[in-house]
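Here, residue 1 is the first one in the sequence, and each next residue gets the next number.
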Amino acid sequence: MNHPSAVSGLRAGEAAAPGAPMRLGSGEHLNLFCRMLLDTHDPYRPAIMDWPALEKEARDRLVSLPIWDIAVQTEGRARLNVATYATGIADPLLKQAVELNAFEEGRHQTVLSHLVRAYGIELAPEPECVTPKDPEWAFMVTGFSECIDSFFAFGLFDAAKRTGFFPESLVDTFEPVIQEEARHILFFVNWVAWHRRTMRRWRRPFFELKVLRVWLFLIWERIGIARNVGNGVQDNNFTVTGANQLGADIDVGDLVRICLCENDRRMSRYDGRLPRPSTVPALARLALCFMRSSRKDKHKRSSCSSYCGGS
C-alpha cells in the first residue's frame with residue numbers, strides 16, 4: 001500500500017490553525033480526520049528499531065509483566081478487524097485512511113514481536129484469527145477498546161519513565177507506537193461522530209444500540225480479565241497490571257492524574273476542531289472525585305474538582 005509523505009504529529013499540530021467552526025458529519029469533517037491520520041503517518045520500520053541493552057533487573061521487570069501474549073495477539077486481531085471493515089468502504093479517502101490504520105495495527109504487532117525476541121520473552125502459540133462476520137462491530141470493538149487501553153498506556157509509560165521502572169531509552173524507543181495509538185483513537189472517535197451523522201435517520205437508534213452493546217461487551221470482557229489475573233492468566237488490563245507492577249512507586253490516583261495529563265498532551269498535537277476521546281477521560285475524572293487521596297498528599301483532595309470540571 002502506498003502511503004503519503006509523512007510528517008510528525010507535533011509538526012502537524014503546530015501547523016494546524018483553528019479555522020472556522022466545522023460541522024460534524026460534513027465533508028470537511030471527513031477530510032479533516034482522514035487527512036490527520038494520513039498526513040501524520042510515521043514511516044518507521046520495526047526491523048531497524050534499536051532495542052537498548054537492559055540491565056538484568058530492568059530486563060526481569062520487563063519479562064515479568066503478564067501482558068506479552070495477549071498484547072501481540074490483540075494487535076494481530078486489531079489489524080484483521082480494521083482491514084476487514086476497510087474492504088466495505090466506498091469513499092476512497094476514508095478507505096485509504098482505514099487501510100493505513102490497519103497497516104499500522106499490523107506494524108504494532110511486528111514491533112511487539114521484535115521486542116519480545118530482543119529480550120528473550122517466550123510467547124504462547126498465537127491462535128488463528130478469524131475474519132469477523134460483522135465488520136462494523138469488529139471495527140467498533142477494536143476502536144473503543146483502544147480508547148480504554150491507550151488512555152491508560154499513555155500514563156503508564158510516563159509513570160514508568162518517571163519512576164525508573166523502565167530505562168528512559170526503552171520508553172523512548174517505544175514512543176512512536178504510543179503516539180500512533182493516540183492518532184488511532186482520535187481518528188476512531190471522529191469516525192463515530194461522522195458516521196452517526198451521515199447514516200439514515202432510521203438507522204441511528206440501531207447504531208447507538210450497537211455502541212452501547214460494544215461498551216457492555218468491553219466491560220464484561222475486562223471483568224473476566226480481572227478475575228483471571230489471580231489465576232495466572234495473562235491480561236491486557238493495563239491499569240490493573242501497570243499499577244500493581246509499579247507498586248509503591250505510584251498509587252492508582254496518581255496514575256489516573258498522569259493519564260489525564262498525558263492524554264491531553266498527546267491530543268494537543270492535532271487540529272483542535274477534531275472532537276477528542278471523551279468517555280474514558282470523563283470516567284477517570286469522576287473516579288478521582290470519589291477516590292481517597294493519598295495520606296502523604298492530602299492537598300490533592302482540593303484539586304479533585306478541577307479534574308471533574310474538565311471536558
Test Asn81 against Glu105 for side-chain contact (heavy atoms from CB on, under 4.5 Å), laying out the working first.
-> CA-CA 10 Å; Asn81 287 349; Glu105 295 290 2; over 6 Å; no
Next item on the list: Take Cys261 and Phe154 through the side-chain contact (heavy atoms from CB on, under 4.5 Å) test and state the conclusion after the steps.
Entry: CA-CA 9 Å; Cys261 291; Phe154 298 158; over 6 Å; no
Q: Assess whether side-chain contact (heavy atoms from CB on, under 4.5 Å) is satisfied between His41 and Glu104, documenting all intermediate values.
A: CA-CA 9 Å; His41 171 67; Glu104 291 178 351; 2.7 Å; yes
Exercise. Could you go step by step and tell me if Phe207 and Met199 meet the side-chain contact (heavy atoms from CB on, under 4.5 Å) rule?
Worked result: CA-CA 9 Å; Phe207 179 73; Met199 64 178 58; 3.6 Å; yes
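When each of Arg196, Arg201, Arg213 is paired with Glu208, the salt bridge (Lys or Arg N to Asp or Glu O under 4.0 Å) condition holds for Arg196 and for no other.
Linking Ile, Leu, Val, Met, Phe, Trp and Tyr whenever their side-chain heavy atoms come within less than 4.5 Å puts Leu94 and Trp137 in one cluster. At a threshold of 4.5 Å between side-chain heavy atoms, the hydrophobic network of Ile, Leu, Val, Met, Phe, Trp and Tyr places Val63 and Leu123 in one connected group. In the hydrophobic cluster analysis, where Ile, Leu, Val, Met, Phe, Trp and Tyr join through side-chain heavy atoms closer than 4.5 angstrom, Met36 is grouped together with Phe103. At a threshold of 4.5 Å between side-chain heavy atoms, the hydrophobic network of Ile, Leu, Val, Met, Phe, Trp and Tyr places Val171 and Tyr44 in one connected group. When hydrophobic clusters are built by joining Ile, Leu, Val, Met, Phe, Trp and Tyr residues whose side-chain heavy atoms come closer than 4.5 Å, directly or via intermediates, Val211 is grouped together with Leu24.
A pairwise comparison of heavy atoms in Arg107 and Pro46 identifies CG-CG, 3.4 Å as the closest pair. Across Ala159 and Leu255, no two heavy atoms sit closer than the pair CB-CD1, 4.3 Å. Closest approach of Leu38 to Ala97, counting heavy atoms only: CD2-CA, 3.9 Å. Closest approach of Thr173 to Pro52, counting heavy atoms only: OG1-CD, 3.7 Å. When all heavy atoms of Ser150 and Glu181 are compared, the pair lying nearest together is OG-CB, 3.4 Å. Of all non-hydrogen atoms in Pro275 and Val189, the two that sit nearest each other are O-CG2, 3.6 Å.
Apart from Trp202 itself, the hydrophobic cluster it occupies contains Phe206, where clustering links Ile, Leu, Val, Met, Phe, Trp and Tyr at side-chain heavy-atom distances under 4.5 Å.
Counting heavy atoms from C-beta on, the side chains of Phe174 and Val111 come closer than 4.5 Å. Contact of the Tyr119 side chain with the Leu170 side chain is registered, since non-hydrogen atoms from C-beta on lie closer than 4.5 Å. The side-chain heavy atoms of Cys34 and Gln96, taken from C-beta on, include no pair separated by under 4.5 Å. Residues Ile121 and Leu115 have side chains in contact (heavy-atom distance under 4.5 Å, counting atoms from C-beta outward). Side-chain atoms of Arg285 and Cys289, non-hydrogen and from C-beta on, never get closer than 4.5 Å to each other. A 4.5 Å side-chain heavy-atom check between Lys161 and Glu175 finds every atom pair outside the cut-off. Using a 4.5 Å heavy-atom cutoff, the side chains of Pro277 and Met267 are in contact. Under the 4.5 Å side-chain criterion, counting only non-hydrogen atoms from C-beta, Val192 is not in contact with Met140.
At least one donor-acceptor pair closer than 3.5 Å links the side chain of Arg257 to the backbone N or O of Gly253. Here the side chain of Asp158 pairs no donor or acceptor atom with the backbone of Cys259 at under 3.5 angstrom. When atom types are taken as modelled, the side chain of Arg183 and the backbone of Gln179 share no donor-acceptor pair closer than 3.5 angstrom. Under the 3.5 Å distance criterion, the side-chain polar atoms of Thr142 are left unmatched by any main-chain donor or acceptor of Phe139. A donor-acceptor pair is defined here as one N or O able to donate and one able to accept, closer than 3.5 Å; no such pair exists between the side chain of Arg266 and the backbone of Ile178. Not one N or O on the side chain of Asn31 forms a donor-acceptor pair closer than 3.5 Å with the backbone of Gly27. With hydrogens and angles disregarded, a donor-acceptor distance shorter than 3.5 Å links the side chain of Lys95 to the backbone of Ala86. For the pair Arg276 (side chain) and Leu186 (backbone), a donor-acceptor distance under 3.5 Å is absent. In this structure, the side chain of Trp68 engages the main chain of Leu62 through a donor-acceptor pair within 3.5 Å. In terms of modelled atom types and a separation under 3.5 Å, the side chain of Thr198 and the main chain of His195 share a donor-acceptor contact.
Among residues two or more places apart in sequence or in another chain, the side chain to side chain contact (heavy atoms under 4.5 Å, CB included) test is passed with Arg117 by Ser113, His114.
Distance check, rounded to the nearest 0.5 Å: SG of Cys147 to CH2 of Trp215 gives 6.0 Å. Within the model, atoms CD of Glu146 and CG of Asn101 stand 7.0 Å from one another, a figure rounded to the nearest 0.5 Å. Here the straight-line distance linking atom CG of Leu283 with atom CG of Leu288 works out to 11.5 Å at 0.5 Å rounding. Note that CG of Leu30 is 5.0 Å distant from CG of Asp91, once rounded to the nearest 0.5 Å. The distance from the CD atom of Gln109 to the SG atom of Cys129 is 7.0 Å, given to the nearest 0.5 Å. Annotation: the span from Phe165 atom CZ to Leu156 atom CG amounts to 9.5 Å, rounded to 0.5 Å.
A salt bridge links Asp134 and Lys210; the closest N-O separation between the charged side-chain nitrogens and carboxylate oxygens is under 4.0 Å.
Checked against a 6.0 Å centroid threshold, the rings of His29 and Phe33 count as neighbours. Aromatic rings of Phe166 and Phe157 (six-membered ring for Trp) have centroids beyond the 6.0 Å cut-off, not under it. Checked against the 6.0 Å centroid criterion, the rings of Trp191 and Tyr85 qualify as a close aromatic pair.
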